[in-house]
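Here it is, the structure, as structure tokens.
Counting begins at 1 with the first residue of the sequence.
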Amino acid sequence: MDFPKERQAIIEVGQRLYDRGLVVANDGNVSMRLPDGSILCTPTGVSKGGMTPEMLPRVSLDGTVLYAMEGKGPSSEIKMHLRVYERDQSANGVVHAHPPYATAFAIRGETFDAPMMPETVVALPSIPLAGYATPSTHEVPDSIEPFVGTTSACLLEHHGALTWGPSLEQAMLSMERLEYMATVTAITRQLGGERRLSDERITRLKEIFGT
């Protein structure tokens with residue numbers, strides 16, 4: 001089988017998404033850019049906690065299916081992943097999930113990128129909201145395009161969240177951090193509201209970490 005190491009990496013990320021409750025049923029999808037420039041991705045209609053390496057389809061950057069088991073082609077949401085790879089040459093991994101707290105904010109039509117912790121300022125300072133797009137259409141990749149190249153995560157209105165990065169692992173870590181930030185934001189609002197870092201502290205963090 002071609003690209004066994006990369007196939008296993010997607011299987012492991014899918015399992016982590018499922019185990020952490022960031023996806024349920026057959027929701028979500030994962031992809032990575034391969035050394036030959038093609039894209040390995042998760043199949044449609046399969047739980048991310050129940051995949052096997054041979055299930056994973058491979059497509060070209062224009063969406064042409066290069067390999068797929070019968071009935072296990074790429075999700076229609078691969079269009080969103082391909083737009084990231086087209087517009088950001090540094091992106092080598094993309095994760096789409098429905099993390100509960102982040103998705104709740106997406107349903108409300110608001111984001112949660114207040115600078116409350118040093119980690120958020122450094123690792124994920126911006127989480128924009130992509131406007132609602134009809135699933136399976138080109139509206140979805142069009143909705144996220146303005147943010148590709150300027151950040152590594154966005155919310156999808158009434159849908160979920162998308163993260164990407166220089167590796168699949170980095171995209172997965174961003175998804176975990178995004179959901180943690182959403183959870184902390186929801187809790188702090190229950191306690192009376194966010195308490196932001198001062199401008200001076202934010203500037204100091206950016207000077208130290210070069211963000």
Side-chain angles (χ1 to χ4, degrees), residues 6-33 39-59 68-69 71-85 91-109 111-112 123-124 127-130 132-137 139-141 143-144 147 151-165 167-186:
E6 289 83 357
R7 288 178 180 276
Q8 188 58 40
I10 288 185
I11 296 297
E12 291 174 0
V13 165
Q15 190 68 55
R16 285 163 62 187
L17 288 168
Y18 186 80
D19 290 346
R20 287 162 170 72
L22 302 178
V23 293
V24 298
N26 60 355
D27 293 347
N29 30 78
V30 178
S31 70
M32 67 187 303
R33 196 195 305 260
I39 308 300
L40 191 65
C41 58
T42 49
T44 188
V46 175
S47 167
K48 302 307 163 293
M51 298 185 296
T52 58
E54 64 272 12
M55 286 183 182
L56 305 183
R58 188 163 62 89
V59 302
M69 291 178 63
K72 296 290 189 293
S75 163
S76 61
E77 291 180 330
I78 190 63
K79 300 181 188 75
M80 180 168 54
H81 296 239
L82 295 177
R83 187 64 61 87
V84 172
Y85 294 122
N92 291 304
V94 178
V95 174
H96 167 51
H98 299 168
Y101 278 90
T103 300
F105 276 98
I107 290 170
R108 283 184 54 82
T111 189
F112 49 86
L124 209 57
I127 306 172
L129 174 71
Y132 178 75
T134 305
S136 302
T137 71
E139 294 175 14
V140 179
S143 73
I144 63 127
F147 313 118
T151 184
S152 59
C154 67
L155 299 182
L156 307 170
E157 189 174 11
H158 288 287
H159 189 171
L162 185 75
T163 58
W164 57 93
S167 68
L168 180 56
E169 178 65 16
Q170 286 299 315
M172 178 62 192
L173 292 176
S174 289
M175 184 61 71
E176 292 178 337
R177 190 179 302 281
L178 178 145
E179 176 63 357
Y180 178 73
M181 289 169 60
T183 305
V184 169
T185 300

Do the side-chain N and O atoms of E169 and S167 include a donor-acceptor pair separated by under 3.5 angstrom?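 Judged by distance alone, the side chains do not pair up.
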
Kindly indicate, with the supporting measurements, whether the criterion salt bridge (Lys or Arg N to Asp or Glu O under 4.0 Å) is fulfilled by R20 and E179. CA-CA 10 Å; R20 287 162 170 72; E179 176 63 357; over 6 Å; no

Is the backbone N or O of Y132 less than 3.5 Å from a side-chain atom of H159, with the two atoms forming a donor-acceptor pair by type?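 Side chain of H159 to backbone of Y132, a donor-acceptor pair under 3.5 Å: no, none is there.
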
Okay, side chain of T111, backbone of I127: is any donor-acceptor separation there less than 3.5 Å?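 A pair under 3.5 Å: yes.
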
Pairing donors with acceptors under 3.5 angstrom, does anything connect the side chains of S174 and T163?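 There is no such pair between these side chains.
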
Main chain of C41, side chain of R58: is a donor-acceptor contact present, judged purely on distance under 3.5 Å?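 Judged by distance alone, no pair lies under 3.5 Å.
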
Would E176 and R16 pass as an ion pair if we require N to O under 4.0 Å?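 Between R16 and E176 there is a salt bridge, with a charged N closer than 4.0 Å to a carboxylate O.
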
Is the side chain of Q170 donor-acceptor paired with the backbone N or O of G165 at a distance under 3.5 Å, no angle test?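 No, because the side chain of Q170 does not come within donor-acceptor range (under 3.5 Å) of the backbone of G165.
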
Side chain T42, main chain V30, donor-acceptor under 3.5 Å: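 Checked: pair present.
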
For a quick check under 3.5 Å, do Y101 and T185 share a side-chain donor-acceptor pair by atom type?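 Absent: no donor and acceptor within the cut-off.
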
Between R33 (side chain) and Y85 (backbone), is there a donor-acceptor pair under 3.5 Å?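 At least one qualifying donor-acceptor pair exists.
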
Is a side-chain donor or acceptor of K48 paired with a backbone partner of N26 at a separation under 3.5 angstrom?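 It does hold such a pair.
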
